[in-house]
2 protein chains.
Amino acid sequence: MSSRQSIRDVAKAAGVSITTVSRVMNTVDYPVSAELRERVIEAARQLNYSPNRSAQSLRKNAVDVIGLIVRDIDYSYFGQIARGVTESALDQGCMAFVCNTGRKLEKEYAYHELLWQHRVKGIVIAGGGVADARYAEIVTRQTKRMQAAGLKVVALAPQGAEMPCLGYDHQALGRRMTEYLLGIGHQDIGFLAGPSSVVTSQRHVCGYRSAIEEAGGVFRESLVACGAFSEEGGDKTCRQLLDGSIPFTALCAGNDDIAIGAIHALRERGLRVPEDVSIVGVGNTPTSRYTRPQLTTFDTFRYQTGVRAVQYVLSEIPAAEWSENQIAAACPTPQLIERNSVAAR
Amino acid sequence: MSSRQSIRDVAKAAGVSITTVSRVMNTVDYPVSAELRERVIEAARQLNYSPNRSAQSLRKNAVDVIGLIVRDIDYSYFGQIARGVTESALDQGCMAFVCNTGRKLEKEYAYHELLWQHRVKGIVIAGGGVADARYAEIVTRQTKRMQAAGLKVVALAPQGAEMPCLGYDHQALGRRMTEYLLGIGHQDIGFLAGPSSVVTSQRHVCGYRSAIEEAGGVFRESLVACGAFSEEGGDKTCRQLLDGSIPFTALCAGNDDIAIGAIHALRERGLRVPEDVSIVGVGNTPTSRYTRPQLTTFDTFRYQTGVRAVQYVLSEIPAAEWSENQIAAACPTPQLIERNSVAAR
DNA sequence: ACCATAATAGAAACCGTTTTCTGATCATGT
DNA sequence: ACATGATCAGAAAACGGTTTCTATTATGGT
């Protein structure tokens with residue numbers, strides 16, 4: 001009565017073979033007569049039977065699980081991705097392991113191995129890809145191994161990594177942010193980026209730089225500061241810029257959290273946003289609508305990206321066919337949301 | 001070369017039996033001679049062997065996985081719990097299924113069944129427990145069944161549900177918030193709660209009410225409004241109160257997101273925080289330090305709670321011995337963080 | 001009446017491990 | 001030299017399902 005019922009128990013209770021039980025549980029109509037079907041279902045219900053996934057997976061050589069690797073699940077950026085991933089996985093009957101690395105390489109390796117051992121169907125990597133040579137090498141090797149075994153890996157990152165990627169162009173976004181500010185009259189623009197070791201940050205700054213230079217300005221190292229992708233990071237990097245000798249009238253932030261931290265820092269120094277300094281963020285987090293001032297930001301559709309990533313991972317599309325077209329179709333271009341943290345000059 | 005190597009392949013390569021391979025992989029020293037051990041390890045390395053978890057689980061009748069049920073993983077409240085849960089699970093070699101319900105009962109049932117089929121070691125329920133009679137009944141039944149099978153279930157909720165619980169007393173917190181505001185001279189205090197169907201909200205209001213009444217005030221239905229646990233919810237409920245006929249000088253918010261939304265609403269109506277209206281939140285989210293004004297709030301240590309929940313789930317402590325003492329030890333009392341959203345009257 | 005065929009149910013093999021049980025080898029004490 | 005026990009390795013039985021293959025019965029056409 002207490003412990004777990006197996007398919008044998010059901011078979012015995014229904015007076016049939018386990019083959020029949022299996023067929024009743026798995027196929028909708030074909031190979032069993034209606035009467036037996038009824039008897040089996042009733043027996044299973046009575047015994048509260050539910051199949052053992054480990055056994056199923058072992059025999060079918062297929063596990064209905066995917067892995068999601070994130071840097072910090074408690075950041076809204078990753079939270080939104082995780083929601084997209086878990087929801088759309090569930091739609092297809094899949095569970096998702098959430099793997100939080102906290103930017104620790106050892107953890108990421110450990111998770112890779114664990115996911116591999118679990119024979120997951122696929123892995124969505126969000127916020128891995130630290131620009132560590134050792135890391136890149138190991139992950140690339142791992143990924144190759146996985147793909148060879150039919151496991152789908154997709155990085156929620158701009159193209160370039162040696163695996164299927166799903167991400168908008170961060171460099172283009174850095175450029176757009178800057179051009180937007182230039183376009184409304186700002187000349188002295190700073191960039192508050194994420195960690196310098198993260199490719200996203202590097203590309204942001206890259207795009208920022210090219211926009212500045214193409215507009216005939218000069219790129220100043222000291223108008224760029226790198227820090228954590230958090231309010232605290234934004235607060236610190238902004239103070240850095242304020243303590244520098246170069247004045248600025250506008251700021252790009254690597255994400256909305258950074259922007260919020262920066263606004264805080266500016267306020268503490270007696271500067272008004274957007275009257276004294278304009279600021280534009282990335283992410284369009286729920287909070288960004290409700291800050292003071294409300295944040296002008298670029299929506300990057302993280303939820304959607306999570307959904308799409310799972311669609312790829314659980315599809316039959318082989319990695320090789322994951323072309324640029326599909327990426328473009330799967331990943332909408334960031335969209336400017338104009339609110340009140342930016343003023344024309 | 002391509003596909004997955006099994007223990008048999010390793011055995012063949014090393015020229016030993018699969019028994020020996022298994023022993024080498026699993027036991028640290030005992031039953032195998034040093035020479036064979038070396039040979040096996042080398043063979044496994046060469047073949048890139050890693051054990052199949054499904055097979056292990058089937059044989060050992062134990063799965064190194066736990067489930068985490070959350071309402072909205074992209075809310076910092078649940079994100080922090082999830083980080084605590086996943087990190088501390090990994091410390092013990094466990095993976096965690098993250099199950100996002102979005103307040104949908106069907107999803108929660110589906111996840112319960114799935115977790116049960118996967119034979120997970122335990123389940124941490126955060127933000128389930130919707131006050132739906134049908135739900136309560138089903139979940140209670142489910143939980144009983146699970147516990148009978150040795151599966152550990154813990155709800156991150158105040159005591160009272162018919163399962164081991166791990167949570168501070170929400171009613172006491174509602175009371176403390178109110179008393180704090182009363183203590184510094186406020187008389188007309190409103191409460192912006194979460195959804196009325198969520199027990200947490202009900203208890204908050206309960207505590208709020210008793211504090212008001214014990215102070216000799218009268219509880220006014222129309223100074224309480226229920227909405228989503230989000231900025232948007234706070235914005236709406238706050239407007240509701242502002243549109244009411246009863247004036248107020250202070251507000252309690254069910255969480256920090258609500259508080260942020262409320263501040264936004266107040267500002268839009270030309271009211272200043274805290275000069276015109278004081279507001280106190282719950283959660284001490286990262287953002288709360290950087291809003292304007294910085295939020296006075298109660299830290300509820302969600303990360304810690306997640307960690308402790310996993311400690312219980314993966315421990316050998318039977319559900320029956322999960323006493324009130326342990327809960328008290330495991331779950332710190334919320335701590336007031338005084339910042340700038342509250343002013344004395 | 002009889003044979004071919006379809007429909008249905010069961011027996012047994014298999015998935016990749018762990019673990020029990022058995023067997024061989026070897027050192028040791030008499 | 002021989003029994004005794006310790007040490008080490010392998011054979012085989014599980015774990016709980018799915019699936020292939022076989023056997024039985026029912027059906028239908030001549």
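Since the model is a prediction, treat every value here as computed from it, not as a measurement. Throughout, protein chains are lettered first and strands after them, A, B, ... in sequence-line order, and every chain is numbered starting at 1.
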Tell me the interatomic distance from [X], atom [atom1], to [N], atom [atom2], rounded to whole angstroms.
{"X": "B/Asn26", "N": "C/dT20", "atom1": "CG", "atom2": "C1'", "value": "15 Å"}
{"X": "A/Lys12", "N": "D/dG17", "atom1": "NZ", "atom2": "C1'", "value": "16 Å"}
{"X": "B/Glu35", "N": "C/dT25", "atom1": "CD", "atom2": "P", "value": "16 Å"}
{"X": "B/Asp9", "N": "C/dC15", "atom1": "CG", "atom2": "P", "value": "11 Å"}
{"X": "B/Leu36", "N": "D/dT7", "atom1": "CG", "atom2": "P", "value": "17 Å"}
{"X": "A/Arg8", "N": "C/dA11", "atom1": "CZ", "atom2": "P", "value": "12 Å"}
{"X": "B/Ile7", "N": "D/dA12", "atom1": "CD1", "atom2": "P", "value": "17 Å"}
{"X": "B/Arg4", "N": "C/dG16", "atom1": "CZ", "atom2": "C1'", "value": "13 Å"}

Would you say a side-chain N or O of [X] is under 4.0 Å from OP1 or OP2 of [N]?
{"X": "A/Gln56", "N": "D/dG17", "value": "no"}
{"X": "B/Ser17", "N": "D/dG10", "value": "yes"}
{"X": "B/Thr20", "N": "D/dA9", "value": "no"}

Which is true for [X] with a 4.0 Å heavy-atom rule: it touches a base, it touches only sugar-phosphate, or it touches nothing?
{"X": "A/Ile18", "result": "base"}
{"X": "A/Asn61", "result": "nothing"}
{"X": "B/Ser22", "result": "base"}
{"X": "B/Arg53", "result": "nothing"}

Q) So does A/Glu42 pair up with A/Arg45, basic N to acidic O under 4.0 Å? A) yes

**Q.** Ion pair B/Asp72/A/Arg83, N-O distance below 4.0 Å
**A.** no

Q.
Which is more 5' along DNA chain C, the nucleotide nearest A/Leu58 or the one nearest A/Gly15? Just name the residue.
A. A/Gly15

Q) So which one's nearest nucleotide on DNA chain D is more toward 5', B/Ala55 or B/Val16? A) B/Val16

**Q.** Among A/Val153, A/Val70, A/Leu68, the one residue meeting side-chain contact (heavy atoms from CB on, under 4.5 Å) with A/Val124
**A.** A/Leu68

When you measure only distances, ignoring hydrogens and angles, does the side chain of [X] come within 3.5 Å of the base of [N] through a donor and an acceptor?
{"X": "A/Arg59", "N": "D/dT18", "answer": "yes"}
{"X": "A/Thr19", "N": "C/dA11", "answer": "yes"}
{"X": "B/Arg23", "N": "D/dG10", "answer": "yes"}

Q) So, for A/Thr305 and A/Leu156, which heavy atoms are closest and what is the spacing to 0.1 Å? A) CG2-CG, 3.8 Å

Q: Validate the cation-pi geometry between A/Arg53 and B/Trp116: distance from NZ or CZ to the six-membered ring centre under 6.0 Å, angle to the ring axis within 45°.
A: no

